[in-house]
Each structure stands twice: as structure tokens, then as C-alpha cells.
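These notes concern the structure reproduced below.
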2 protein chains.
Amino acid sequence: MDSNGGSRSQGTGSGRAGDCQHGEVCGHCDVRHTAMCNVLNDAELEKLNSLSSDFKRDTQQIICSEGEPADHLYNLRSGVIRLSKMLPDGRRQITGFLFGGDFLGLACNEAYAYTAEAITPVEMCRFPRHKLTQMFGELPQLGGRVFSMTSTELEAAQSQMLLLGRKTAAERLSSFLLSMAQKQHHSSTTEPAQPDADKQEVHLPMSRTDIADYLGLTVETVSRHFTKLAKSGLIDLQGSHKVILKDADALQAIADGDK
Amino acid sequence: MDSNGGSRSQGTGSGRAGDCQHGEVCGHCDVRHTAMCNVLNDAELEKLNSLSSDFKRDTQQIICSEGEPADHLYNLRSGVIRLSKMLPDGRRQITGFLFGGDFLGLACNEAYAYTAEAITPVEMCRFPRHKLTQMFGELPQLGGRVFSMTSTELEAAQSQMLLLGRKTAAERLSSFLLSMAQKQHHSSTTEPAQPDADKQEVHLPMSRTDIADYLGLTVETVSRHFTKLAKSGLIDLQGSHKVILKDADALQAIADGDK
DNA sequence: CGACTTGTTGAATAACATCAACACTAGTGG
DNA sequence: CCACTAGTGTTGATGTTATTCAACAAGTCG
């Protein structure tokens, strides 16, 4: 399982909006620093607040570009971001999608190694990188937390290498759909429990081109395999941005290559 | 440049054996903790020493397995390690090669996400993971350093995604050869400066199968493209584990997809 | 509505994989 | 020293999957 991986934080020790123990009334958690709620107390969160500033972008706007000095770290509060790298001739690889609660800028030492663009309107908190790393001394929990999140990203990246290097188109698409489903269920733990039927309803905010560039395929191949999965009854396509997973087990078997 | 990436630490702030400022006489640096020499003083390095134990393995031996509890972190002192992930039916993806100075186990939260095997005999230092993360409080520099190394790994992983998702076989092989060359020059900065001719001599400790599984190709395709590069005069094959790069610029152009 | 973007489908092509044979190398023992 | 063997690497012929090129359908927005 989890043979696919986006860039989404998940697994032990990884902070998600849904993990926040402060509940509905906590201003810090609802609005900012969702990833830090479980490791920092209110005073420490306040300290973090004082370092960060709000940051918003609209659909299709660029948040940071490959090669630019990586002065800031971002915490995505709402919306969806795509991270991509390009070859000189225009070929593009999307290295991950970010959703509410995820961090942007962990994979940089000096310059951003990728371009980040808003797929939907996004709200973020922005931290000056050097101030944040300075705080690792004052707040040891913070450093450990950031390390843990970066590790989780790295694990996801390695799963994606397996997908890109060794999986067939059908396996890639199945892996992708399951990972998107997993993210959407997980992140909804703050909301009232969903009826079981909805658990298989997956929203795909990105275009077919984005999916293709994420899976290392062409749009046509992605489209063909969507239709194929639909015709074989494993999924139901409701417009191009909504999918119902009708047989998650079968999808999982395909994703894992268990033929 | 650096469009390829192994798992090797490189770039700003990333510790390499060659970066050590302590010189030849420093026991810590020559024997252990090479990655920490520049951020910790001798007393702190001594503290690190007290946490770590020596660890050796022979060629083809397993150091840790995918799914195993990730209790330890390793610092590779000498030798070469391959990291790999497998699908149930045996398809394998090598996610990186580790060389002297590199860390093993950064990409784990609870369980190892990959199998690590010795390609050559290896010598390592082993740290209990929980003791090391505890020290992040006492030695803030340590946490920052580990974060920086993990970031570097993540950057490399993203470059490899671009390679696996979007590059042709020829581009992959060229990228690989150049990244191997870069690692070997860089790591030899402690040794007397090499004559320029040697700069283009690259040793490949791994088998063709390993290269194929790293590049997401088959052995046959790798072999064919080695021959092709040799016939077109860009490289010189001296046995299967030694390559001379005769036209690094042309290789770079191929690697980047600048046709 | 009409123009533009996004997504789907079909046919031809190319790149890489697969299958199979052979060559080279290193190690073993007579 | 020379077979003998097993492992690794190379080369050739064929097959398959995904890409490319092209047309069309379905949304989206003025």
C-alpha cells in the first residue's frame, strides 16, 4: 500500500489539518500553522505567528520559480498547488501536488528546485527561511517536526520514482486515484464523518495535462486509461474532475501490480 | 546542470568528506561523522561518537529492508550502497546510490521505505534514531544540518523524477554518467588535485542491471546506449566498470535535452 | 451563440521491452 | 595451462506499449 505518493504529508508524526488537537475554537490551527499544533504550545505558536505573514494567490499564478533564491517557506492553508520541473525544450514533470496543511519549500537549500503554481486560489502563511531555521535552537520540537515532514516528502518522492520508473500506465493511474482518495478522506477528519458512499468520491482539481505530467505520460494515454477503467466498471466518471471509485480493491490490485 | 541526481549529498551546506576543515589529523573526520565536521566542535563530535557504533557489511549483503522498523540512522564511511524499492512481481526501482560521506535512513519516519544493499564492502557508523533526534535539542546545529541533508536528498529525488518521467534512454544515461563523474571529482578534493585527463575517468561500481533499475530501463537498452555513445565518440568504454568521458559538453547537451 | 479551451477517440509511428543467442570475464579444479 | 562453469554484458529479431499526429466532442466564457 501507499505505493503511490504525492507530496502530501502523511503517516506517523506528520501534521495534518485534521490532526490538530485544539479543535474548532483555536485560531492558530484553523487559520495557521496547522502542521505544528501537536508539537508546539500556544506561546510557541504565537512566536511562529509573529514570524509569518499572510500570502494569497489566484488560479494559475506562480508562487515561486525554479532557480529563484529560496528565501521563504510556505504553509498552505487552503487551495491546491502543483510543483513542477521543466526541461529546456518544454517537457514538464510535476513532482507533486500540495493541499491544505502541506508545506512548500522543504526541498530547497538555496534556490527553489521547482516551480510552484496555484491550481485553485490559495491561502498561505509565509516564513522567512533564515528566521525559521534560527528558531530550531529555541524550539527543538520545531526542528524535529520539520525534519519529520521532509522525511515524509522524501518517502513519497521515492514511491513516485517506483511509479515513474517501473509501473505501466494503468498502474500509474490507479495508484494516483487511490492516493488522491486517501488524501481526501484523511483531510476530512475534522468534518462530520462522511457516509461510506462518499468515501469513494474523489475530486480531481487538476487538469488531464497536469495528471499526465505527474504520471510521466501523455494526456491521450491518461484519457484512454480513464475510459478503460470506466468501461470495466472500476470507476465512474462524473465530468472530468470527479471520479467515483466503485471497486477500490481492484484498483489497489492494479496499482500494486498484483496481476 | 545537475539535471540528474543520485542520492548523494551535494550543494550548499551539504557536508561531504571533502568539506571537512579539520584536515588529515582529525580522527573524527577521517574516521567518522564526516558530514558534521563543519557544524559541530570537537566536544560535540565526541558526544556524537558516544552514540554511534561501527558497522560493516560485505558485498551483496543487506543493511536494512523495506518495511523493517527504522531504528537506526547510518553514516556511510566507505563503500557503495544501493537503495531500492520492489513491486510484488519483482520489478525493481533503485532510488539512489550512496557513497562515502552519505547518510542512510533520512527518508524514514517509522519503517524503512527501501532496501539498502552493499554493492562493495562497506564501513558505516550507526546511530540509534531516537537518541539522535533527542540531541536536536542539545545541539541545534545538528538538527539544522540533518534538515539540510534531507532537503538535498529531496531535491535529488525530484530531479530523478524528471529523469524517469520525461527523459529518453539516451538522456537518462548521459545524465547518469555526468552525475557519477561529478560525485567522483567532488569527493576527491581531499586528495591531491588530479590531472585534468583523469577528471573524465569515471568508475561505475554497480552492474548494468543496477544502472537499468536506477534509470527505469532494461539492461539491454542501457547496454545498447552505452555502445551508441561509444561509437559516436562521446565516451570510451574500458571494461564494463570504467568509462572515459571524452566530450562532457556533448553529454551535458544530451542530458539536458538540448537537441 | 461563437470562440477558445479541455478532453476524448482513432490510426500510424517510434521507442523501448522482450525473447533469444552469443561473447566476454572470472573463478575452479583437473 | 587448459577446459569447464556461472555470471555478466552485448547484440539481433520481434513484439508491445505508449507517443505522435489528427480529428472531433464537450465544456466554458465572453
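Here is the naming used below: chain letters follow the sequence lines, and residue numbers restart at 1 for every chain.
- Between the CG atom of Leu215(B) and the C1' atom of dA17(C) there is a distance of 15 Å, rounded to whole Å.
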What's touching nucleotides 7-12 of chain C from the protein side, N or O pairs under 3.5 Å?
from    : atom 1 : to        : atom 2 : distance (Å)
dG7(C)  : OP1    : Arg208(A) : N      : 3.3
dG7(C)  : OP2    : Arg208(A) : N      : 3.3
dT8(C)  : OP1    : Arg208(A) : NH2    : 3.4
dT8(C)  : OP2    : Arg208(A) : NE     : 2.8
dT8(C)  : OP2    : Ser223(A) : OG     : 3.0
dT8(C)  : O5'    : Ser223(A) : OG     : 3.0
dT9(C)  : OP2    : Thr227(A) : OG1    : 2.8
dG10(C) : N7     : Arg224(A) : NH1    : 3.0
dG10(C) : O6     : Arg224(A) : NH2    : 3.3
dA11(C) : N6     : Arg224(A) : NH2    : 3.4

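- Separation of atoms CG (Leu73(B)) and CZ (Arg126(B)) is listed at 11.5 Å; rounding is to 0.5 Å.
- dT5(C) atom P lies 12 Å from atom CD of Gln60(A), rounded to whole Å.
- With rounding to whole Å, Ile235(B) atom CD1 is found 10 Å from dT10(D) atom P.
- Arg82(A) CZ to Thr120(A) OG1: the interatomic distance, rounded to the nearest 0.5 Å, is 11.0 Å.
- Taking the C1' atoms of five terminal pairs at each end of the helix from dC1(C)-dG30(D) to dG30(C)-dC1(D), the two resulting helix axes are inclined by 30°, rounded to 10°.
- Contact annotation: the side chain of Arg172(A) never approaches that of Phe176(A) to less than 4.5 Å [non-hydrogen atoms, C-beta and beyond].
- Across His225(A) and Ala169(A), no two heavy atoms sit closer than the pair NE2-CB, 3.5 Å.
- Rounded to the nearest 0.5 Å, atoms CD (Glu153(B)) and CG (Leu104(B)) are 9.5 Å apart.
- As a whole-Å value, the separation of Leu204(A) CG from dG27(D) P is 16 Å.
- Separating the NZ atom of Lys228(B) from the C1' atom of dT10(D) is a distance of 15 Å, rounded to the nearest angstrom.
- The distance between atom CD1 of Ile211(B) and atom P of dT8(D), rounded to the nearest whole Å, is 13 Å.
- Taking every heavy atom of both residues into account, Glu117(B) and Ser84(B) meet most closely at OE1-OG, 3.8 Å.
- Residue Met180(B) forms a side chain to side chain contact (heavy atoms under 4.5 Å, CB included) with just one option from Val202(B), Leu245(B), Ile211(B), Val243(B), and that option is Val202(B).
- Rounded to whole Å, atom C1' of dT19(D) lies 13 Å from atom CZ of Arg172(A).
- Taking atom CD on Gln238(B) and atom P on dT25(C), their separation rounds to 13 Å, with Å as the unit.
- Taking CD of Glu171(A) as the reference point, atom CD1 of Ile254(A) lies at 8.5 Å (rounded to 0.5 Å).
- Evaluated for a side-chain hydrogen bond (donor to acceptor under 3.5 Å, both in side chains) with Arg92(B), the options Thr209(B), Asp210(B), Thr115(B) yield exactly one hit, Asp210(B).
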